[in-house]
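Letters go in sequence order (proteins before strands), and every chain restarts at 1.
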Amino acid sequence: MTTTPPSPNNDRSDDRNQTTAPVDFIRQIINEDNRTGKHAGRVHTRFPPEPNGYLHIGHAKSICLNFGIAAEYGGLCNLRFDDTNPTKEEQEYIDSIKEDVRWLGFDWEDREFYASDYFEQLYRWAVQLIRAGKAFVCDLTADQIREHRGTLTEPGKESPHRNRTVEENLALFERMRQGEFPDGSRTLRAKIDMAHPNLNLRDPVMYRILHASHHRTGDRWCIYPMYDWTHGQSDSIEQITHSICTLEFENHRPLYDWFVRELGIFAPRQIEFARLNLTYTIMSKRKLLRLVQEGHVSGWNDPRMPTIGGLRRRGYTPAAIRAFCSRIGIAKTESTIDVQLLEYCVREDLNRVAPRAMAVLRPLRVVITNYPDDQVEQLDAINNPEDPEAGTRQVPFSKVLYIERDDFMEDPPKKFFRLAPGREVRLRYAYFITCQEVVKDPATGEIIELRCTYDPATRGGDAPDGRKVKATLHWVAASHAVEAEVRLYDHLFTQPDPDDVREGQDFTVHLNPASLEVLEHCQVEPGLAGKPPEYCCQFERLGYFCVDADSTPDRPVFNRTVTLKDTWAKIQKKGQ
RNA sequence: UGGGGAAUAGUGUAACGGCAGCACGACUGACUCUGGAUCAGUUAGUCUAGGUUCAAAUCCUAGUUCCCCAGCCA
């Protein structure tokens, strides 16, 4: 019996089948650029997170896109931290982001960059724009700037400081850098057009004064560049050919292009695509933070969270997430993916690689009355029917067993195939048994034990006389069972769109009170004892489970990643 | 009432003037020592109204709906 967990599956053979995967509009643009020789066939992308939080499945879409494109076109993809706001960013997030990207199966080698590494260059470029009369130091307060900006339908007013001389601007900007002015007292602004219909071009702020310590540059700077003044130039410095971002930056593209053009530097092309939305969950960092802070989940890596850390702890594999990202497609239409597609992807992967095991979540005691009292047999069980090379293992069988409570009904409805009084079923890899007697607690009427007989001729699970049974049940021998805690997870929210709320409510009203059910006294086959965290397996007939970090050698803890498709559950649901 | 985007089965996504296809979901059936997997099948779509054309999801015109933008956030 093999005890090593299936390592995160980094076999990419299934990731993006060129013969079937549609060519999305971004790859079409790249194909066209390559056809016209725009960058001499060079393709260079980047994944540019701000290190102000943890990555989620939406980031995975972007990661797979950027790294995936680079790989397909024989290009490169940089990991760049957009760390221009020291008040929100921390080293901890950098570390976590790097771990998540790596876990997803991508490697940026030495192409790890930080916008903060470009601060000096950005400063020199700002001076260049000032000299060209394209930027000025503005003394307006934040409120005044807002008042001068105008509205969506009305033009703004020019700042009274807009026409300072180059010399005055140069001197003031230098003094800003030297720390002579307090936070918020001055900004450096691009001089564009206060009447522009695109508000981003109404003399946008390039630098703000922030006497804050930066996680990488320490106290070297007290002026920090804004996103718009940083991103395009960072892309340009890194010779990024295609700068892929999400739809909300469409309005920023004219400014991106303006800066790069005014500076006369290499011009990458910004391309926007629709971010990922998933049913029954939320993706907003701010809202996820509330779930953590208000204690609705145990932390950022709670198995119910859509974070990479949460999915990982839940038992999702990198291959499953990559396959998902490949299947959802890339487009500009805002859309919400059905979470069932994600679940399909993880089942598809785990079905192939996860070893099978028998585990009883809600045990019902079964005594085989005609089985010898002290006998124990070792029966052969197949580790993975999808993978012959996974081999077999032995599972112990004895007189007293546990089966799933759901697998017995005293008064079974028509389509219930499992055990019932007088009915014969198969115990997987073991024997046919017949239920002879139901023992109840005289006080509560609860069924506490089944007394069954077995047919010794059916050892291994087949009847020599060829008779059939309609059901095969999983089971665990009571004498050898290991007790485990199992955590059953369901959707975090009860509504497909948690943000669909009435006036005055917020998404928390749709929190699913049953998103976590903890089962304390589960019985699992002995081979499952001592498996390391993240070990994934299938509990036969129940679902895919993985060992949680809370697990200890004498008390395993499992998380349910996803259930198996359950036809019986569906029949039951319909009957209601 | 400004500007920028987007509308194709329930959900996503192709088709780029020439047979509306694929996946997930749902529903049948076959098979099965997992009511799993697998296999076979069914279901269901071009936002609206005009126009151009032999031919329109695709081009044109008008409209409708949805998303983004008024941070010294990214």
Side-chain angles (χ1 to χ4, degrees), chain A residues 20-24 28 48-50 52 82-85 87-89 138 140-142 145-147 149-156 183-189 196-202 204-210 223-224 226-228 230-231 245-254 272 274 279 285 327-345 347-348 351-352 356 358 381-382 385-386 415-418 426-430 432 458 460-462 468-474 496 538-543 563-571:
Chain A
T20 57
V23 176
D24 56 70
Q28 281 181 34
E50 180 187 15
N52 70 341
D82 225 336
D83 57 347
T84 58
N85 185 349
T87 65
K88 293 191 172 177
E89 297 150 6
C138 180
L140 258 26
T141 65
I145 286 183
R146 190 181 324 114
E147 286 158 17
R149 186 152 30 227
T151 68
L152 295 177
T153 52
E154 299 157 343
D183 286 4
S185 60
R186 286 187 159 90
T187 56
L188 183 73
R189 296 225 258 160
H196 199 103
N198 181 342
L199 269 50
N200 291 125
L201 299 225
R202 317 245 264 228
V205 171
M206 295 162 62
Y207 277 94
R208 74 284 217 185
I209 299 172
L210 236 38
I223 56 172
Y224 289 93
M226 300 288 290
Y227 165 85
D228 286 311
T230 307
H231 206 89
C245 62
T246 43
L247 249 27
E248 66 271 25
F249 291 101
E250 266 176 329
N251 296 333
H252 294 248
R253 184 169 8 102
E272 311 86 11
T279 56
K285 251 182 221 178
R327 279 170 178 273
I328 56 179
I330 300 293
K332 297 196 74 155
T333 316
E334 296 198 56
S335 60
T336 302
I337 309 286
D338 192 331
V339 73
Q340 286 182 105
L341 179 62
L342 216 212
E343 293 171 349
Y344 167 84
C345 289
R347 285 192 190 104
E348 180 186 51
N351 178 49
R352 255 181 18 227
R356 315 285 127 126
M358 292 200 284
I382 294 165
E386 306 295 320
K415 289 179 178 166
F416 185 84
F417 302 152
R418 284 110 94 142
R426 172 168 39 232
L427 294 181
R428 181 138 228 230
Y429 302 123
F432 285 13
T458 58
D462 286 306
K468 302 289 184 193
V469 288
K470 293 201 77 171
T472 300
L473 310 186
H474 62 276
Q538 182 196 97
F539 288 174
E540 293 219 29
R541 304 208 303 134
L542 298 174
T563 62
L564 254 28
K565 278 174 73 176
D566 189 342
T567 308
W568 169 238
K570 208 173 276 180
I571 292 168

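Residue A:E386 places its side chain closer to B:A37 than to any other of B:A70, B:A37, B:U13. When distances are taken from the side chain of A:W568 to each of B:C73, B:G35, B:U34, the shortest belongs to B:G35. Listed candidates were B:A74, B:G35, B:G5. Nearest to the side chain of A:R208 is B:A74. Taking only side-chain atoms of A:I145, from C-beta outward, the nucleotide of B:C72, B:G5, B:G2 with the closest atom is B:C72. The side chain of A:N251 lies closest to B:C69, out of B:G2, B:C69, B:A74. Among the nucleotides B:C73, B:G35, B:G3, the one closest to the side chain of A:K88 is B:C73. The side chain of A:L199 approaches B:G2 more closely than any other nucleotide in the set B:A14, B:G35, B:G2. Closest to the A:T153 side chain, of the nucleotides B:G12, B:U1, B:G71, is B:U1. Here the side chain of A:R418 is nearest to one of B:G3, B:G35, B:A7, namely B:G35. Distance from the side chain of A:E50 is smallest to B:C73 among B:C73, B:G35, B:G36.
For A:R418 (side chain) and A:K470 (main-chain N/O), no donor-acceptor pair under 3.5 Å exists by modelled atom type. In terms of modelled atom types and a separation under 3.5 Å, the side chain of A:T458 and the main chain of A:F432 share a donor-acceptor contact. The backbone N or O of A:E89 sits nowhere less than 3.5 Å from a side-chain atom of A:E50 that would complete a donor-acceptor pair. Although no hydrogens or angles enter the test, the distance criterion places no donor-acceptor pair under 3.5 Å between the side chain of A:T187 and the main chain of A:R208. Using a distance-only test at 3.5 Å, with no hydrogens or angles considered, a donor-acceptor pair links the side chain of A:N198 to the main chain of A:N251.
Across all strands shown, A:E272 has no heavy atoms under 4.0 Å from either base or sugar-phosphate atoms. A:A331 comes within contact range of the sugar-phosphate backbone alone, with a heavy-atom separation under 4.0 Å but no base atom that close. Among the atoms of the strands shown, none is found under 4.0 Å from any heavy atom of A:L342. Using a 4.0 Å heavy-atom distance criterion, A:E154 is classed as making no nucleic acid contact. Using a 4.0 Å heavy-atom distance criterion, A:D462 is classed as a base contact. Contacts of A:T333 with the nucleic acid, taken as non-hydrogen atoms under 4.0 Å apart, involve only primed sugar atoms and P, OP1 or OP2. Using a 4.0 Å heavy-atom cutoff across all strands shown, A:F539 reaches no nucleic acid atom at all. Within the 4.0 angstrom heavy-atom criterion, base atoms lie near A:N351. When heavy atoms are screened at a 4.0 angstrom cut-off, A:R426 is found touching base atoms of the nucleic acid. Across all strands, A:H252 comes closer than 4.0 Å to base atoms (heavy-atom distances). A:P385 comes within 4.0 angstrom of a nucleotide base, judged by non-hydrogen atoms across all strands. Nucleic acid contact class of A:Y429 (heavy atoms, under 4.0 Å, all strands): base. Within the nucleic acid shown, A:I571 comes within 4.0 Å of at least one base atom, counting heavy atoms only. The residue A:I328 sits close only to the backbone: its heavy atoms come under 4.0 Å of sugar-phosphate atoms, none of a base.
B:C47 sits 12 Å from B:A57 when the C1' atoms are compared, rounded to a whole Å. Rounded to whole Å, the P atom of B:A7 lies 28 Å from the corresponding atom of B:U43. Spacing of P atoms, B:U8 relative to B:A40, comes out at 30 Å, to the nearest Å. A distance of about 40 Å separates the C1' atoms of B:U52 and B:G25, rounded to the whole Å. When the C1' atom is compared between B:C19 and B:U58, the two are found 15 Å apart, to the nearest whole Å. Here, B:U46 and B:U65 have their C1' atoms 16 Å apart, quoted to the whole Å. A distance of about 15 Å separates the P atoms of B:G4 and B:G63, rounded to the whole Å. Look at the C1' atom in both B:G45 and B:A14: the space between them is 13 Å, to the nearest Å.
Comparing A:E89 and A:E248 against RNA chain B, the residue whose closest nucleotide sits nearer the 5' end is A:E248. Both A:R253 and A:D83 sit near RNA chain B, but only A:R253 has its closest nucleotide nearer the 5' end.
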* **Watson-Crick or G-U pairs under 3.5 Å in RNA chain B, rendered as dot-bracket with [ ] for crossing pairs and | for another strand** => .((((((..((((....[..))))((((((.......))))))...(((((..]....))))))))))).....

* Nucleic acid footprint by protein, nucleotides 24-30 of chain B - heavy-atom cut-off 4.0 Å, B for base, S for sugar-phosphate alone -> SSSSS--

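For A:R149, a side-chain nitrogen or oxygen approaches OP1 or OP2 of B:C72 to under 4.0 Å. OP1 or OP2 of B:A15 has at least one side-chain nitrogen or oxygen of A:Q28 nearer than 4.0 Å. Taking side-chain N and O atoms only, A:R186 has no distance below 4.0 Å to OP1 or OP2 of B:C72. Taking 4.0 angstrom as the limit, A:S335 places a side-chain polar atom (N or O) nearer than this to OP1 or OP2 of B:U13. Between A:T84 and B:A74, a side-chain N or O to OP1/OP2 separation shorter than 4.0 Å is present. For B:G36, the OP1/OP2 oxygens have a side-chain nitrogen or oxygen of A:T567 closer than 4.0 Å.
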* Could you give me the CA-CA distance, side-chain angles and deciding distance for A:R327 and A:L341, then say whether side chain to side chain contact (heavy atoms under 4.5 Å, CB included) is met? => CA-CA 9 Å; A:R327 279 170 178 273; A:L341 179 62; 4.2 Å; yes

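Atom P of nucleotide B:A74 and atom OH of A:Y224 are separated by 12 Å, given to the nearest angstrom. In this structure, the CD atom of A:Q538 is 11 Å from the P atom of B:G36, given to the nearest Å. The CZ-P distance, from A:R356 to B:U34, rounds to 11 Å in whole Å.
Annotated as syn: B:G71, whose O4'-C1'-N torsion sits within 90° of 0.
Among residues two or more places apart in sequence or in another chain, the ring-ring contact (aromatic ring centres under 6.0 Å, His included) test is passed with A:H196 by none.
Checking A:H474 against A:R541 by side-chain atom types alone, a donor-acceptor pair falls below 3.5 Å.
For the side chain to side chain contact (heavy atoms under 4.5 Å, CB included) with A:L140, the qualifying choice from A:R146, A:E147, A:R189, A:R186 is A:R189, the only one to do so.
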